Structure formats: structure tokens, C-alpha cells
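Everything below concerns the one structure shown next.
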Amino acid sequence: MSEQINALWERYGRLSLDEIPSEARRAACQCILDWLGCTFAGSTEPLAGILRDEFAAEEGPATLIGTDRRVSAKTAALINGATGHALDYDDTNLVGGFHATTVVLPAALALAEEMGASGADLLCAYVAGVEICARLRVVIGDEHYRQGWHISSTLGVFGAVSAAAWFLRLDTEPFARAIGLAASQVGGVHANFGTMTKPFHTGFAAERGLLSAGLAGRGFTANPDAFERAFSQMSGDIDWGRIVPFADEFAVTDTLLKRFASGHGTQATILATRALMSAGLVAEDLVHAEVRTAPSVLASAYGVRVPNTGLEAKFSLPGVSALSLLGHDLTVPDSYRDENLHSPAFGELIRRIELVGDPAFRLGEGEIVVQTRSGSMTEPFPETRDSKTVEERVELVNEKFTALATPVIGENAKRLRDIVIDLGALRSVSEICALSRPV
């Protein structure tokens, strides 16, 4: 019902910095820094170059991260949103189990730069977007994902709408219309995982969210009930009561910063493989292995048995296991090069690793069962949910950002890291954008 949308906007739509708890502010700054690092690395990927070429003639006020180019705010949201998700290395919001930052932040950053906003403004708009879209994700349940929709796009668009609406100072009624307008632009399917179109989903959602908020602010009409109607038709599982447990929490604090540059569903397989390697397993001794997990995985985007490209490998449980066994460090994006999958060693090893659906496991659970020349080994999937506090993951964030950003912006990475971690004190986001250009 539209009154539920209204209530969310009344709670978060005018969020000020002093209303965000210190832990949530620190977590948000870490997410922003992590996304910037992923976007710098993604800016060298082929999909980023193709998107930039498509808009080669365009000029505007908004920076394309990792380049000297400026385009319109909407185009910046599109390209930066796709670029930040190009490596599938960006964070996962665990309240909804989806990539919120790479949709919400590009829309917010583009408007912030265009409007000459402060770091505090950017922080507030970003948090507002994450909080609203995370709750809407909870409202729709899991059936939507099971039916093959890419929720980082289909739900992320509402986070982008919310962040843009915060900057545009929309009242409750035009915000509800912006949500209704965005509901007619929901898209993104699992069938395109393992291709350039998956990150395009998040860029498209960022751009559509920004557009929807702008049009609604000008008086464009839409049905405020369209969100509920759209998702009832797509999944039939709308329940506003699901957000009650999160009433006093900030979802941005419950975020996983990825260790490995691949899909969220592969992280446990990589950790289990590395544990087997620590126990002595080497590729040469492996006779046969089964990656056993929930049967639904086999029919999902993660059911790729033998990946043919680096992008496909990012969603292949046998693929990431084989790459790990061959000594590739999957924290390094370059480990997913196509040539690594075309090597004789990979081709020979992947034939010995099966993906098996086992009804004993629920989604996210599993184990690797290995037969070697000397016996057998079994390793359960570990818990991948990040149990560390915001303070405990500072080193991880800093190291990851430095590794990803330095090859693109050099020594500016240190300065950029410092100002993002203290984002609330920054007078203008133009400093972030200036430091985000290559050296």
C-alpha cells in the first residue's frame, strides 16, 4: 500500500548526518570506499570501454570514475554503476542479500557532483537509498529471486530513486510517484549472469532511478501503488510485516565486503577449496571432486559446470574451485582472465570436478567431497557472513582499496582514502571526483 512507501520516506527521506549512528556512518564510508576501489579496477574492463564509446560525444558535469571524462549525471550513473559491478567484487548488503551500493551510490554521486554538494550530503543520500531499498527487498521475499530476477537491479532502482529524491528534496507525494514510475522500469534476469549484461543491470537501474526521481519532481505522474502491484505480479510474495524487525536498525552496517572478485554464491566454495589446500590437497592428486550444494543452485545463475570465459567463471562453483587449486589468487581480479580457463591444466582439472545438487542442503550450504590418490577429504562450506565489526574490517577495506585504486590513480589513492573515511567533514564531493581521475 502506498502509505507504507510514504512511511519509509518520512523516516529516511530527510535523513540528516546527526540522525545516522556513528557505526552506520563508518560502515557507509567503508562501503563507499570499497565501491570506488572496485570501480577503478572495473574502469579498465572491456565493458566500461564499450559504454564510454557509446557516449563518446556526450559532455556534462559528472565524472566517469577512473577517467578524465565528464558526462551528464544520468549517463554517469549508468556507466559508473555498471563499471563498479564489472568485476562482481563490490559489497553485498546482507539484509536483502543484494548489491545495493553499486546502484545507489552512482546515482547519488552524479547528482552530488552536479549540484556541488558536500560529503555529508552524499553520505546522507547514500544511506537513505540503502535503507529504503534494503527494506523493500525484505518486503518482496525470496520468490522474486527464485523466479530468476536480478534483485540488485530490480530492487536497486528504488534505492537509486531514494538517493536522488533526497538530493531533490522531494515531498512524500512526488516520492511515491517516483517509486511508481520506477516500478515500470524494473528489469534484469539471471540468464545474463556471466556476461557484461549483469553489471549493465546495476548501471541501468542507477540511471533509471535518477531519471524517475527527476521526472517525478517535475510533476510526472505515476501510480503510487505500482510497486506492490508490480512485485505481486512478478513474485506474489509481498509482506510489509517483514520489515518490522529492522525498524530500529541501519541496514548499511550489515554489509559483506567481498574477499574474492566473484559472485557472492562462490565465496564459500573458494574458502572450502582453500581449506582443503591447506590440509594438503594439490591439483595433481585429485582424482574426482564433487561440489555438493542445494539442488536449486544447479538451475540458477551459479549452475555453470564448465565456464568458457572469465566472467562465467565468476559464477561457476567448479570453476572457482579449479582456479584456486591451480594456484590462482581469486582476490586478484586478473586471475579471471579468459586464458586461464583455456589452459590445458584448467581443462583437464575441471573435468574432474562435478557440481551436484543435494537436497540435504539449503541455499548457501554445501560441501566439497574429494577423492585423491591416497584417500578422501571432505570440507563443508564455511559461513561467509561477515561477523566482524566495522572497526575490525578497517584493514581489509584499506588494503583492498589501495590494491585496486593505485594502478589507476597512483598516489592519489592515499588522499582519496583519507577523505572518504571522513566523508562527513568534506566540503565538496568535487574533491573526490578530482582525485578519481587517472594520473
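Owing to the predicted nature of the structure, the values given are computational and were not obtained by experimental measurement.
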Has the side chain of [X] got a donor or acceptor atom that lies under 3.5 Å from a matching backbone atom of [Y]?
X      : Y      : value
Arg69  : Leu64  : no
Ser152 : His99  : yes
Tyr12  : Ile132 : no
Arg242 : Val139 : yes
Ser316 : Glu312 : no
Asp329 : Thr331 : yes
Ser118 : Leu426 : no
Asp338 : Thr309 : no
Trp166 : Leu15  : yes
Arg14  : Glu10  : no

Atom [atom1] of [X] and atom [atom2] of [Y]: how far apart are they, to the nearest 0.5 Å?
X      : Y      : atom1 : atom2 : value
Leu94  : His264 : CG    : NE2   : 6.0 Å
Cys124 : Glu19  : SG    : CD    : 8.0 Å
Ile79  : Lys74  : CD1   : NZ    : 13.0 Å
Gln4   : Ile243 : CD    : CD1   : 6.0 Å
Arg135 : Ser162 : CZ    : OG    : 11.5 Å
Leu136 : Ile151 : CG    : CD1   : 12.5 Å

Can we say [X] and [Y] salt-bridge, meaning some charged N sits less than 4.0 Å from an Asp/Glu carboxylate O?
X      : Y      : answer
Arg415 : Glu431 : yes
Glu23  : Arg26  : no
Asp91  : Lys400 : no

[atom1] ([X]) with more than 12 external heavy atoms under 6.0 Å:
X      : atom1 : answer
Arg259 : CZ    : no
Glu339 : CD    : yes
Ile421 : CD1   : yes
Arg218 : CZ    : no
Arg305 : CZ    : yes
Phe55  : CZ    : yes

What is the minimum heavy-atom distance between [X] and [Y], and which atoms define it?
X      : Y      : answer
Phe315 : Gly263 : CE2-CA, 4.0 Å
Ser232 : Ile238 : OG-CG1, 3.4 Å
Asn93  : Ala251 : ND2-O, 3.0 Å
Ser335 : Leu330 : CB-CD2, 3.8 Å
Ile409 : Arg437 : CG2-O, 3.5 Å
Val157 : Val103 : N-CG1, 4.0 Å

Answer yes or no: is there a side-chain heavy-atom contact under 4.5 Å between [X] and [Y]?
X      : Y      : result
Thr406 : Phe40  : no
Leu317 : Ile353 : no
Thr202 : Asp90  : no
Asp237 : His144 : no
Leu416 : Ile419 : yes
Lys314 : Leu87  : yes
Pro318 : Val306 : no
Thr83  : Glu45  : no

Legend entry - Residue from Val186, Ile140, Thr154 passing side chain to side chain contact (heavy atoms under 4.5 Å, CB included) with Met234: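 The passing option is Val186.
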Legend entry - Set of residues satisfying side-chain hydrogen bond (donor to acceptor under 3.5 Å, both in side chains) with respect to Ser43, sequence neighbours excluded: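 Ser43: no side-chain hydrogen bond (donor to acceptor under 3.5 Å, both in side chains) contacts found.
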Inset, instruction - Return the set of residues passing side-chain hydrogen bond (donor to acceptor under 3.5 Å, both in side chains) with Lys258 (not counting sequence neighbours), or none when no residue passes. - result: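 Counting only residues at least two positions away or on another chain, Lys258 forms a side-chain hydrogen bond (donor to acceptor under 3.5 Å, both in side chains) with Asp88.
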Inset, instruction - Assess the side chains of Ser16 and Asp18: does a donor N or O sit below 3.5 Å from an acceptor N or O? - result: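 On atom types as modelled, these side chains qualify, holding a pair under 3.5 Å.
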Legend entry - Polar contact flag, side-chain donor to acceptor under 3.5 angstrom, Thr75-Ser72: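 Yes, because at least one side-chain N or O of Thr75 sits under 3.5 Å from a partner of the opposite role on Ser72.
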Legend entry - Six-ring centre of Trp9, Arg11 cation under 6.0 angstrom, axis tolerance 45°: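 No, cation not above the ring by the 6.0 Å, 45° rule.
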Sequence neighbours left out, cut at 3.5 Å: what donor-acceptor pairs do the side chains of residues 104-111 make with other protein atoms?
none

Legend entry - Residue pair His190, Tyr145: steps toward the ring-ring contact (aromatic ring centres under 6.0 Å, His included) verdict: CA-CA 9 Å; His190 290 180; Tyr145 180 84; 4.3 Å; yes
Inset, instruction - Output, in order, the C-alpha distance, side-chain angles, deciding distance and verdict of side-chain contact (heavy atoms from CB on, under 4.5 Å) for Ile179 and Val161. - result: CA-CA 7 Å; Ile179 292 289; Val161 164; 4.1 Å; yes
Inset, instruction - Might you work through the side-chain contact (heavy atoms from CB on, under 4.5 Å) test for Leu323 and Leu341, ending with a clear yes or no? - result: CA-CA 8 Å; Leu323 285 171; Leu341 279 73; 4.3 Å; yes
Legend entry - Full working for side-chain contact (heavy atoms from CB on, under 4.5 Å) between Phe175 and Leu168: CA-CA 10 Å; Phe175 173 73; Leu168 297 175; over 6 Å; no
Inset, instruction - Evaluate the salt bridge (charged side-chain N to carboxylate O under 4.0 Å, His left out) criterion for residues Arg417 and Asp422: first the C-alpha distance (whole Å), next the side-chain angles of each, then the deciding distance (0.1 Å), finally the verdict. - result: CA-CA 9 Å; Arg417 179 195 64 198; Asp422 193 21; over 6 Å; no
Legend entry - Worked check of side-chain contact (heavy atoms from CB on, under 4.5 Å) between Val95 and Arg137: CA-CA 8 Å; Val95 171; Arg137 165 66 184 96; over 6 Å; no
